[in-house]
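Accompanying notes for the structure given below.
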Amino acid sequence: MIPYGIATILVTALLVQLVAGIPELSTTYDETTHLPSGYSYLETGDFGLNAQHPPLIKLLAAGPRYFLKRDTDFSNTGLGQPNPNEWAIGYQFLYGNDTESLLLWGRVSVALLAVLLSVYVFAWASKSGGAVGGLLALALCAFSPTIIGHGRLVTFDVPLACFMTATLYHLWRYCEDRTPSHLLLTGTALGLALASKYSGLMLVPIVVLLLGLELFRGDQGSENINRKPIFLFLTSSAVIFAIALVIIQASYFFSSDLLIYWKGLARIQQDHFDNYPYYLMGQFREGGWWYYHPLAFLLKTPATTLLLAILAFLLSKRFPPAKGTDDLFLLVPVLFIFAVTSAFADNLGVRYLIPVLPLMFVYISRLARWMKNSRAAKATVGILLTWYTANSVAIFPDQLSYFNEFTGGASSGHLYLDDSNIDWGQDLVKLKRYMDENGVDSVRLHYGNNVSPQTYGINAQAVTNDEWMHDPAPGLYAFGTNILVRGRYYSQYHGLNTDWLSRFEPVARVGYSLWIFEIE
């Protein structure tokens, strides 16, 4: 019972970190359209808004408050008009209603999926490597800055990681013991993943490949070697994908348009701009870099996690997993996710690789066998875990902007990456606190689009292009990190005088997404 008691404490610690951080974060960029879209589906049954993403997580985020307190208002947003602008509608809806309540309910819904993810990590690691391995993997998950940072936002990456992990776990269990319940749960989890985000489609070839390899390998000694594995593979696949398709259709309220999911997939590039200059380590490039995502992963993943993963790999032959097929179900998906993400995903954030993290934690759990009879091993892992936990707690509630020790930490993050890696519009709450503590009545704010400083009690005026590029008037200015990074781009490639970090010395930072300048 002791391992389950410790596991309960760790899961509770994760939940507390997630929920406690919610009030500290203003609306992030993608939440402006994701959350209102979920309400629009419930209100109208029309899935046209934000159709480039499946509806499940938006529905889950909107559902609790919608059914408990139906006082939201879509009037004056433009909903129902031809070619609706999802960003304008989302802005009007989110800031025209009770923003704090909408975000709280929506974010808690996603946070619960982050907790469910941690439960799956513990279950998988415990099943394959014992209780100590389960607790090791769970501790890594419970204090993962990336999972915490994105697990309390109405976005899709942590929910997708949850359902991808669940799919692979139940598929692994089914291949181990042929239990029908795990077959049914594999199909259910796969359907939930596909209905959460279109990148969940990566699971389809992974499931087919792993199922085929295991069923054919598992029946090597059968007299019906040419028939039994094929029949089992076909029937198992049919059950899994039939259940998944039903769940996808259910997420669209069983729409009469049977192709609605695939039509949304056709719009997946709606937010993509071919000549957008992506940013990496001080450089800009249209189209980005093929190695952006692996490098971003190395910059944003705690050094402790990377060291433990390397150690687990080096000791893999000496301490193989207790279940022989474990590696196949961990390493094949990780390699596939890295390859597909590097080939197709925009260079916008490490969040696209979040599904890799729980699989890495389970892989690291094999170190429990190394620790079993070695005091040195226990001390090594214990020190690393303490370091890991302390770093994660120290950056609360700014886990979204976490960078590891190799980069110099979050304060240096803007030298390496931008966008959702560091600045997603999350620090207006902190800006208001900074202004109150320093007796500041108003501020000139340049913080990107789709934010409403007035909602957070901030008296702000927008920075004009003339002030940005030429001679700003005296006063206090707050610039977003992404704006400063773009300013360097316009300075380097277009000769504009927009590089404020070179022109002026900031007097303070608010969180890691806002820089304060005082112009005299």
Side-chain angles (χ1 to χ4, degrees), residues 28 30 53 57 110 113-114 117-118 120-121 124 137 140-141 143-153 155-168 193-194 196-206 268 272 278-281 288-310 312-313 329-364 388 392 399-404 406-407 410 413 416-422 424:
T28 58
D30 283 9
H53 299 292
I57 304 308
V110 175
L113 293 179
L117 170 61
S118 72
Y120 268 106
V121 167
W124 192 340
L140 292 170
C141 187
F143 291 95
S144 166
T146 300
I147 288 176
I148 295 169
H150 290 273
R152 55 188 174 212
L153 303 177
T155 53
F156 314 133
D157 303 289
V158 169
L160 176 64
C162 173
F163 296 132
M164 287 185 76
T165 302
T167 301
L168 294 168
L194 296 176
S196 297
K197 192 174 184 181
Y198 281 118
S199 53
L201 287 164
M202 288 188 289
L203 271 174
V204 173
I206 292 173
I268 197 170
H272 175 83
Y278 296 105
Y279 175 72
L280 178 65
M281 298 182 70
W289 296 262
W290 69 265
Y291 53 84
Y292 172 93
H293 291 285
L295 185 54
F297 188 83
L298 291 176
L299 297 172
K300 293 277 290 179
T301 302
T304 307
T305 307
L306 299 175
L307 291 173
L308 287 172
I310 293 170
F313 178 77
F329 283 79
L330 296 172
L331 299 181
V332 168
V334 165
L335 294 175
F336 197 87
I337 292 168
F338 265 108
V340 172
T341 302
S342 298
F344 298 108
D346 289 336
N347 291 182
L348 293 175
V350 75
R351 60 192 177 92
Y352 297 126
L353 289 174
I354 289 177
V356 167
L357 290 173
L359 303 179
M360 180 181 287
F361 300 153
V362 175
Y363 185 81
I364 290 171
Y388 176 84
S392 179
Q399 285 95 336
L400 183 73
S401 303
Y402 176 88
F403 280 76
N404 66 28
F406 300 136
T407 67
Y416 300 91
L417 302 168
D418 66 348
D419 209 272
S420 60
N421 293 299
I422 189 168
W424 227 1

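Count residues from 1 along the sequence.
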Using 0.5 Å steps for rounding, measure from the CH2 atom of W124 to the CG atom of L359.
5.5 Å
Start with the C-alpha distance between I422 and F403, add both sets of side-chain angles, then the distance that settles side-chain contact (heavy atoms from CB on, under 4.5 Å), and finish with yes or no.
CA-CA 9 Å; I422 189 168; F403 280 76; 4.2 Å; yes
Which heavy atom of C141 sits nearest a heavy atom of I147, and at what distance?
SG-CD1, 3.9 Å
Distance in Å, S118 OG paired with I148 CD1, rounded so as to fall on 0.5 Å steps
10.5 Å
Can you give me the closest heavy-atom contact between Y352 and A345, atom names plus distance?
CD1-CB, 4.1 Å
Verify, without hydrogens or angle tests, whether S144 (side chain) and L140 (backbone) share a donor-acceptor contact under 3.5 angstrom.
no
K197 (side chain) donor-acceptor with H53 (main chain) under 3.5 angstrom
no
Going by the angle between their ring planes, with limits at 30° and 60°, are W289 and Y291 parallel, tilted or perpendicular?
tilted
L194 CG to S199 OG distance, which is reported to the nearest 0.5 Å:
10.0 Å
L160 vs I354, side-chain contact (heavy atoms from CB on, under 4.5 Å): CA-CA, chis, key distance, verdict:
CA-CA 9 Å; L160 176 64; I354 289 177; over 6 Å; no
Report the distance from atom CG of L306 to atom CG of N404, rounding to the nearest 0.5 Å.
6.5 Å
side-chain contact (heavy atoms from CB on, under 4.5 Å) between Y416 and L280: does it pass, once the steps are laid out?
CA-CA 5 Å; Y416 300 91; L280 178 65; 6.0 Å; no
If you apply the rule side-chain contact (heavy atoms from CB on, under 4.5 Å), what do you find for L168 with Y120, and how did you get there?
CA-CA 10 Å; L168 294 168; Y120 268 106; over 6 Å; no
Got a second to check how far L295's CG is from N347's CG, nearest 0.5 Å?
10.5 Å
Straight-line distance of I337 CD1 to M164 CE, nearest 0.5 Å
4.0 Å
S392 side chain to F143 backbone, donor-acceptor under 3.5 Å
yes
Check whether any side-chain heavy atom of K300 sits under 4.5 Å from a side-chain heavy atom of L417, and report yes or no.
yes
For the pair H293 (side chain) and D346 (backbone), establish whether a donor and an acceptor sit closer than 3.5 Å, ignoring hydrogens and angles.
yes
Nearest non-hydrogen partners of L400 and W424, listed with the distance
CD2-CB, 4.0 Å
Heavy-atom pair with the smallest gap, counting every atom of Y388 and P145:
OH-CD, 4.3 Å
Ignoring hydrogens, what is the shortest heavy-atom contact between N421 and V350? Give both atom names and the distance.
OD1-N, 2.9 Å
Minimum heavy-atom distance between A161 and L117, given as atom pair plus value:
O-CD1, 3.8 Å
Between T146 and T301 (side chain of the first, backbone of the second, donor and acceptor by atom type, cut-off under 3.5 Å), is there such a pair?
no
